[in-house]
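All remarks here apply to the structure that follows.
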Amino acid sequence: MMENTLVYHGAQAPIDDLIDQVIKNPPRLDARDVDVVEAARAVEGEVWSPQLPAYRAWVANDGADDAASGEGREGDLFSAGALWMGEFDELLAQAAEQDAGDSVEPSPMRARMEEGLRGAISVRQVPGGYALTAFDLHRFAAAVGRSEDLVVALPAFVDGVAVVRVAVEAFARRFVQGVGVRLLVVPDTVEHVAANAFAAMSAQRIHLGRGVSQLGEQRCDLAGVSPRLARREYSVDAANARYCAREGSLFSDNGKELVFLASPYGERVSLPQGVERVAAAAFADGCEPPAVVDCSAALARVDARGWDDAVWKCPAEAPAYRALRKRGVRLAGPFAVELDGCWYDFDDEGAVLVAGPPKPVSVSRRFAEQAAVRAVAVRGADEAAAAAARELSPSAAAAEAATEFAASGEAGSTVDYVSASASDILALPRQVEGRPLVRIGVRALPFAPASVVVPDTVRVIERDNACRGTKRLVLPEGLRSIGAHCFWSRKLEGPVPIPASCRSVGEGSFEYSVCRLSHAGTIVHVSADQLLSCFLVDAPDGVPFDFARYDELLRSGKNLPDRLGALLHRLASPYRLSDSVRVVLVSHLRGYGKEAWERVAREGDRDMVEALVEAGFIDEASFDRQIELLRSCNRTDCVAYLMEWRREQRASEASAPSSLRDRFAL
């Protein structure tokens, strides 16, 4: 057995007591029980030229500490090499140690591992000691006899040499999958922890020793580890000069940088006072993000993007305000209000929609919630029922939960909303707090219900209002501008009327939709290719559409989901359509043959039939086939028009003077 246990079951003892115990008794290992990877050694058959000793001065000079930490000075060749070559500094130190012939006397306090655990830990020689490169938690869990609520103490010394680094591969998924850790203690000897070294670990609490001066970005996905985590928090030794912890959150030593915010999170989260920068991995994934984030005027930079869909109540004077607004974060001032699940702010013109309804609950999430409810019910049942439930395998339990879920009628539904009631309609108010709603802000509606009604007070819809999930859209007369990448749910039931008052429509809007341009009285089909966007911004003639470019798109047929329908609608309303282009479009339409005639019979009206006759698509050659299809679809108005047109054609032919040859023919 080991004198200082590395892994043991600690579900009952207070965490602070466990940390104190580990710190007072740092684990010391014997080199014979670990795999020592010796870097920078030539294998048999290799011949190395002795160039490494020439660089010893770089390690021994006054800036050695900066170089070893990877910081260095600007223009420093060593720090640049370390940055691009990763472990180059380790090779240099290894060569220096080999040439010097240094040896460390074995420490009398190191202990031998039991037979089954030898080799479960690997280390590599680096400047100043060892780097932990592998820690096989599976083998330790098997030795303990438990795979959850484990306490893990990283080794502080190997053969009397300090462990100063934790490598990125030390806790790879193959070593930690399926093992739950209640507490992970990084000893005081460790100075550097590689980025994402703990990303695959299911660790509830991570304690950093006093020596940690560099902690790489540690992304946390509560749902992406096994077993799934309910929370993640940090603690730090009080003597650590680089980091500190408050209420489970990790900060820089001065408290100005938020390194990690303890999870999970509530509906509303307030960033700690004094935080000026939020690190890229500060927010945990795999849990429900907050709906509202409160921050102070001191906030200068937010690198984390996991909460960009939340409403950030950020003062306009905060240095981070402009950067957050530029990347599309939904910002609200101190006087913002919430009404019916939507957030509104105010400016000089009136009210502004900052955020619409929350993201709809997906089918998979509803299934997971129902499965969780079932699990709770099983745990609370009587002993006989619980015993019967325990006999079910995980796959059988999941199948049973799926059966119940399907029986509830939700599994077969393609609608992403909980109910098909008033929640399927978003009718924005004309006034908020007595002020007219004049604008829909940036990314206010990334998701929206099946029906969206915009009131006639709104003048501007800013960019990135995708309205994913929307099928029916009502835009008011008086709307002046629609920003880029709006209304691209690809489910819109057309044609969607774009009011005549609208003079600007940004690129990427109305993807795969059929729109009616009220100003021109035409119906257009929108491509999904943003490079082929035909919408215009600030159109001088008031029509925010480039018809010449649209005609080129119709001829090529690129990324048009319904090219046949687009050709029919273009010929039916030939606004700014030249005669030469019309001839080309008619030839493309004839290429569809019977499919085009059937489409006219099903969906066409009298105006379309009349326009197709004028364009020459319906002529004497196609008259009989087209009129039979119209009769089969009971299009009496179209049939009557074609019969009248045929009668006029024959009458004009009969009244036309015949030629001399016809006149004297036998």
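Keep in mind that this is a model prediction, so the values were computed, not measured.
- Looking at Asp541 and Arg576, a side-chain N of the basic residue comes within less than 4.0 Å of a carboxylate O on the acidic one, giving a salt bridge.
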Intermediate values then yes/no, salt bridge (charged side-chain N to carboxylate O under 4.0 Å, His left out), Lys558 and Asp529: CA-CA 8 Å; Lys558 292 182 179 179; Asp529 193 339; over 6 Å; no
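- Lys313 places a side-chain heavy atom less than 4.5 Å from the side chain of Arg268.
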With side chain to side chain contact (heavy atoms under 4.5 Å, CB included) as the criterion, how do Val259 and Tyr234 come out once you've worked through the C-alpha distance, each side chain's angles and the decisive distance to 0.1 Å? CA-CA 10 Å; Val259 180; Tyr234 281 84; over 6 Å; no
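- Under the 6.0 Å distance and 45° angle rule, Arg435 does not count as a cation-pi partner of Phe346.
- The two residues Leu473 and Leu492 come nearest to each other via the heavy atoms CB-CD2, 4.1 Å.
- Between Leu222 and Asp285, the closest side-chain pair of non-hydrogen atoms is not below 4.5 Å.
- Taking 4.5 Å as the limit, every side-chain heavy atom of Val496 sits out of range of all side-chain heavy atoms of Val514.
- Residue Arg635 holds its CZ atom at 10.5 Å from CD of Gln626, rounded to the nearest 0.5 Å.
- Remark: the backbone N or O of Val329 is not paired with any side-chain donor or acceptor of Asp308 at under 3.5 angstrom.
- Remark: the backbone N or O of Asn559 is paired with a side-chain donor or acceptor of Ser527 at under 3.5 angstrom.
- Pro561 approaches Val526 most closely through the heavy-atom pair CD-O, 4.4 Å.
- Note on Glu511 versus Arg490: salt bridge recorded, some NZ/NE/NH1/NH2 to OD/OE distance being below 4.0 Å.
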Please evaluate residues Val609 and Tyr641 with respect to the criterion side chain to side chain contact (heavy atoms under 4.5 Å, CB included), reporting the C-alpha separation (whole Å), side-chain torsions for both, the decisive distance (0.1 Å), and the verdict. CA-CA 8 Å; Val609 171; Tyr641 167 76; 3.9 Å; yes
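- Using modelled atom types, no side-chain atom of Asp345 and backbone atom of Val352 make a donor-acceptor pair closer than 3.5 Å.
- Contact check on Asp538 versus Arg503 returns no salt bridge, with no Lys/Arg side-chain nitrogen under 4.0 Å from an Asp/Glu carboxylate oxygen.
- The nearest pair of heavy atoms linking Cys342 to Leu426 is SG-CD1, 4.1 Å.
- Using modelled atom types, one side-chain atom of Asp605 and one backbone atom of Met608 make a donor-acceptor pair closer than 3.5 Å.
- A 4.5 Å side-chain heavy-atom check between Glu257 and Val275 finds every atom pair outside the cut-off.
- In terms of modelled atom types and a separation under 3.5 Å, the side chain of Arg228 and the main chain of Gly286 share a donor-acceptor contact.
- Heavy atoms only, all atoms of each residue included: Ala281 and Phe260 are closest at O-CD1, 3.6 Å.
- Looking at every heavy atom in both residues, Ala601 comes nearest to Leu630 through CA-CD2, 3.6 Å.
- A distance of 13.5 Å separates CZ of Arg325 from CZ of Arg330, quoted to the nearest 0.5 Å.
- At a threshold of 4.5 Å between non-hydrogen side-chain atoms, the residues Arg555 and Val584 count as touching.
- Note: Cys295 SG to Gln273 CD = 10.0 Å, rounded to the nearest 0.5 Å.
- Salt bridge Glu595/Arg599: absent, no basic N to carboxylate O contact under 4.0 Å.
- In this structure, Thr470 contributes its side chain and Ser451 its backbone to no donor-acceptor pair below 3.5 Å.
- One distance of note links CH2 of Trp312 with CG of Asp294; it measures 10.0 Å at 0.5 Å rounding.
- For Glu477, the CD atom sits in a packed shell: over 12 heavy atoms of surrounding residues, nucleotides or ligands are nearer than 6.0 Å.
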Just do the side chain to side chain contact (heavy atoms under 4.5 Å, CB included) check on Tyr550 and Leu554 with the steps written out, would you? CA-CA 6 Å; Tyr550 182 61; Leu554 290 178; 3.7 Å; yes
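- The CD atom of Glu603 lies 11.5 Å from the CD atom of Glu598; values are rounded to the nearest 0.5 Å.
- Nearest heavy-atom pair across Ile523 and Pro495 is CD1-CG, 4.1 Å.
- Relative to the six-membered ring of Phe447, Arg468 meets both conditions, a distance below 6.0 Å and an angle of at most 45° to the axis.
- Ion pair Arg277/Asp303 flagged as a salt bridge, since at least one NZ, NE, NH1 or NH2 atom sits closer than 4.0 Å to an Asp/Glu carboxylate oxygen.
- Of the possible donor and acceptor atoms, none in the side chain of Ser504 sits under 3.5 Å from a partner among the backbone N and O of Gly483.
- A donor-acceptor pair is defined here as one N or O able to donate and one able to accept, closer than 3.5 Å; such a pair exists between the side chain of Ser501 and the backbone of Leu479.
- We find that Glu462 and Arg439 are joined by a salt bridge, their nearest charged nitrogen and carboxylate oxygen being less than 4.0 Å apart.
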Taking it one step at a time, do Asp551 and Arg549 satisfy salt bridge (charged side-chain N to carboxylate O under 4.0 Å, His left out)? CA-CA 5 Å; Asp551 292 337; Arg549 189 172 189 181; over 6 Å; no
Apply the test side chain to side chain contact (heavy atoms under 4.5 Å, CB included) to residues Val474 and Val454: give CA-CA distance (whole Å), side-chain angles for both, the deciding distance (0.1 Å), then the verdict. CA-CA 6 Å; Val474 178; Val454 180; over 6 Å; no
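- Contact of the Val442 side chain with the Val354 side chain is not registered, since no non-hydrogen atoms from C-beta on lie closer than 4.5 Å.
- Aromatic pair Tyr592/Trp597: ring centres not closer than 6.0 Å.
- Looking at Glu276, its side chain never comes within 3.5 Å of a backbone N or O of Ala300 through a donor-acceptor pair.
- Among Leu589, Leu585, Leu567, the single residue meeting the side chain to side chain contact (heavy atoms under 4.5 Å, CB included) criterion with Phe617 is Leu589.
- Annotation: Phe545 is in aromatic contact with Phe547 [ring centroid separation under 6.0 Å].
- Note: Tyr265 and Phe283 have perpendicular aromatic rings, judged against thresholds of 30 and 60 degrees for the angle between ring planes.
- The shortest distance between side-chain heavy atoms of Ile482 and Leu475 falls below 4.5 Å.
- Arg463 contributes atom CZ, which lies 9.5 Å from atom SG of Cys486 (distance to the nearest 0.5 angstrom).
- Checked by atom type and distance alone, the side chain of Ser632 pairs as donor or acceptor with a backbone atom of Leu629 at under 3.5 Å.
- For the pair Val505/Phe510, a side-chain contact is recorded, criterion being any heavy-atom separation below 4.5 Å from C-beta on.
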